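Worksheet: the structure to be examined is printed underneath.
As the structure is a prediction and not an experimental result, all values here were calculated from the model. Counting convention: from 1, in listed order, for ligands and their atoms alike.
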Amino acid sequence: MKNIPIMTPFFTKEEIEQIQEVLQSGWVAQGPKVAEFEKAIADYEKVQYAVATTSCTTALHLLLVCMGLCDKHEVIVPSFTFVATANAVEYTGATPVLAEVYTDTYNINVEWVQELIDNNYDNKDGILINKKNGKILFGIIAVNLFGLCADIPKLNDLANHHGIKIIEDSACALGASINGVHEGGFGNPSCLSFHPRKSITTGEGGMILTDDAELAASLRQMRSHGASISEVNRHSSKGYLLPEFNELGFNYRMTDIQAAVGVAQIRKYDYILTERQNKAKFYDSLIKDRISYLKPPHVPQGYLHTYQSYVCMIDYKALGLNDVEKGNEIRNKLMNALEEIGVATRQGTHAVHSLGYYREKYGYKPFDLAGAYECDRMSLTLPLYVQMTNDDQIYVIETIDRIIKNI
Ligand SMILES: *Cc1c(COP(=O)(O)O)cnc(C)c1O
């Protein structure tokens, strides 16, 4: 029996050497290593400023707070995403308005959003007001899911037209690009994750990217309790004066121990990325040759997919089924059978509108956002990691086909 996990990090002796250096320095909280890691990521993504945090969830929360989001606002969030995207909006008191996604790229459906805005908001002096509840539409969180950018150029046009903001949730999308422009390079702030399920990891960790100096300064201050250096402090060389706390800040600081791992990881990201892309292409060809009921991830022209996750859709119609719920039963049976013989798979992610908290609070029904719901029910993530061999991949595909033929 094989044991094929869904994902496993790629560490070598460099991570150990980096951690050793930090431990020996005696400085383990946020310090020079975090600054080095921030610079390395900013350079990689070609942005001015990078602000490290404890996770992508806290990165999103911190960013939304610093941009001024509060309970008088609404924010459009694609429903097919990790729950943290919507939760970050909830933390601020604002309301996430869940949106439909495309079932081929899994990203936010721009036409659907355009229609939502046209039908539900009035433009009063350049501000979009919800006709029903009077709340202000602040912006859209564009999730660059699984390593593929959403249609950011089109979303930016829409946002410019309506005077709203775009924030990119790039938890999965380090290095993703459209026509050579990296995520984070479209003029919007973006947030990364370094959880072990993402392309590179620091155990837990996140980062906010921006070209806005003022926003970056505010993020740095607010991630560290809102501490500011007073005039007295600034003009004094004495170290014993405490900073001032004029804002309600957080402790969202990454440690230098985590950043040490990050520094080693980003140095080998080109290698990791190439390996992931090659393995994804190999899956594409195996599926094309052997399995007609699996749709491999779609990559639009000009997009660079980093394959943080390799997420397929099971085509329930090709299996002779006529609805999503029946298809879902087969998908789940397949995943269980795979698990039993040591092949880990997962659904892509969930449809947030179908999760208890959001369902109860906002009264969503599964088919209110039918595309997101279909992605939730029919998506299948295949194992993909640097150490995986061609034989492992062939085994995964052959096993899936064998199980499906038996079901
Ligand atoms: C993983 C993920 C997050 C949360 O990242 P953490 O670092 O675990 O907080 C947020 N959004 C998306 C789209 C994700 O995939």
Side-chain angles (χ1 to χ4, degrees), residues 6-7 9 34 37-38 41 50-65 75-92 96 98-99 101-102 105-108 140-152 155 166-176 183-184 188-209 219 223 250-255 258-259 261-262 265-266 276 297 305-311 346-353 355 357-358 372 375-376 379 381 384-385:
I6 189 79
M7 172 79 143
V34 167
F37 184 40
E38 289 174 337
I41 295 286
V51 179
T53 59
T54 52
S55 70
C56 184
T57 307
T58 56
L60 284 165
H61 182 211
L62 183 65
L63 174 63
L64 293 174
V65 166
V75 181
I76 296 171
V77 175
S79 180
F80 192 57
T81 182
F82 187 59
V83 67
T85 317
N87 286 353
V89 176
E90 285 279 321
Y91 300 156
T92 68
L98 298 174
V101 299
Y102 301 115
T105 63
Y106 310 118
N107 281 323
I108 192 163
I140 304 167
I141 302 186
V143 180
N144 299 322
L145 203 60
F146 307 139
L148 181 74
C149 283
D151 193 341
I152 304 294
L155 285 163
I166 302 284
I167 292 135
E168 293 175 47
D169 177 344
S170 287
C172 313
L174 177 68
E183 72 76 33
N188 312 312
S190 79
C191 296
L192 299 168
S193 171
F194 306 113
H195 183 274
R197 271 296 304 278
K198 316 297 173 169
S199 304
I200 63 168
T201 186
T202 59
E204 297 275 1
M207 204 172 280
I208 303 151
L209 308 179
L219 292 166
R223 82 171 155 188
F250 310 96
N251 177 356
Y252 284 170
R253 292 180 308 240
M254 180 182 273
T255 68
Q258 292 168 303
V261 180
Q265 288 268 286
I266 187 65
R276 297 190 71 82
H305 199 320
T306 66
Y307 297 102
Q308 172 267 335
S309 281
Y310 187 88
V311 181
R346 298 281 185 276
Q347 70 181 58
T349 185
H350 30 228
V352 173
H353 76 280
L355 300 176
Y357 177 85
Y358 291 92
C375 293
D376 177 298
S379 58
T381 311
L384 184 65
Y385 45 93

(request) Compute whether any side-chain donor of one residue and acceptor of the other, for R223 and T58, lie under 3.5 angstrom apart. (result)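 On atom types as modelled, these side chains do not qualify, holding no pair under 3.5 Å.
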Kindly print each ligand 1 N/O atom paired with any protein N/O atom under 3.5 angstrom away, one pair per line, or none if nothing qualifies.
unit_1: ligand 1; atom_1: 5 (O); unit_2: S193; atom_2: OG; d: 3.4
unit_1: ligand 1; atom_1: 7 (O); unit_2: C56; atom_2: N; d: 2.9
unit_1: ligand 1; atom_1: 7 (O); unit_2: S193; atom_2: OG; d: 2.7
unit_1: ligand 1; atom_1: 9 (O); unit_2: C56; atom_2: N; d: 3.4
unit_1: ligand 1; atom_1: 9 (O); unit_2: T57; atom_2: N; d: 2.9
unit_1: ligand 1; atom_1: 9 (O); unit_2: T57; atom_2: OG1; d: 2.5
unit_1: ligand 1; atom_1: 11 (N); unit_2: D169; atom_2: OD1; d: 3.3
unit_1: ligand 1; atom_1: 11 (N); unit_2: D169; atom_2: OD2; d: 2.8
unit_1: ligand 1; atom_1: 15 (O); unit_2: K198; atom_2: NZ; d: 2.6

Would you tabulate the side-chain donor-acceptor contacts of residues 198-205 under 3.5 Å, counting partners in other chains and residues two or more places apart, or write 'none'?
unit_1: T201; atom_1: OG1; unit_2: F194; atom_2: O; d: 2.7
unit_1: T201; atom_1: OG1; unit_2: G203; atom_2: N; d: 3.0
unit_1: T202; atom_1: OG1; unit_2: E204; atom_2: O; d: 2.7

(message) For the aromatic rings, using the six-membered ring if either is Trp, is the centroid distance between H350 and F80 under 6.0 Å?
(response)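 No, the ring centres sit 6.0 Å or more apart.
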(message) Once ring-ring contact (aromatic ring centres under 6.0 Å, His included) is applied, do any residues pair with F250, and if so which ones, sequence neighbours excluded?
(response)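 Partners of F250 by the ring-ring contact (aromatic ring centres under 6.0 Å, His included) criterion, ordered by chain and then number, come out as H61, Y252.
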(request) Hey, could you give me the CE/OG1 distance between M254 and T54, rounded to the nearest 0.5 Å? (result)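 The CE atom of M254 sits 8.0 Å away from the OG1 atom of T54.
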(message) List the residues meeting side-chain contact (heavy atoms from CB on, under 4.5 Å) with D151, not counting sequence neighbours, and say none if there are none.
(response)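 If we apply the side-chain contact (heavy atoms from CB on, under 4.5 Å) test to D151, skipping adjacent residues, the hits are V110, P153, K154, Y303.
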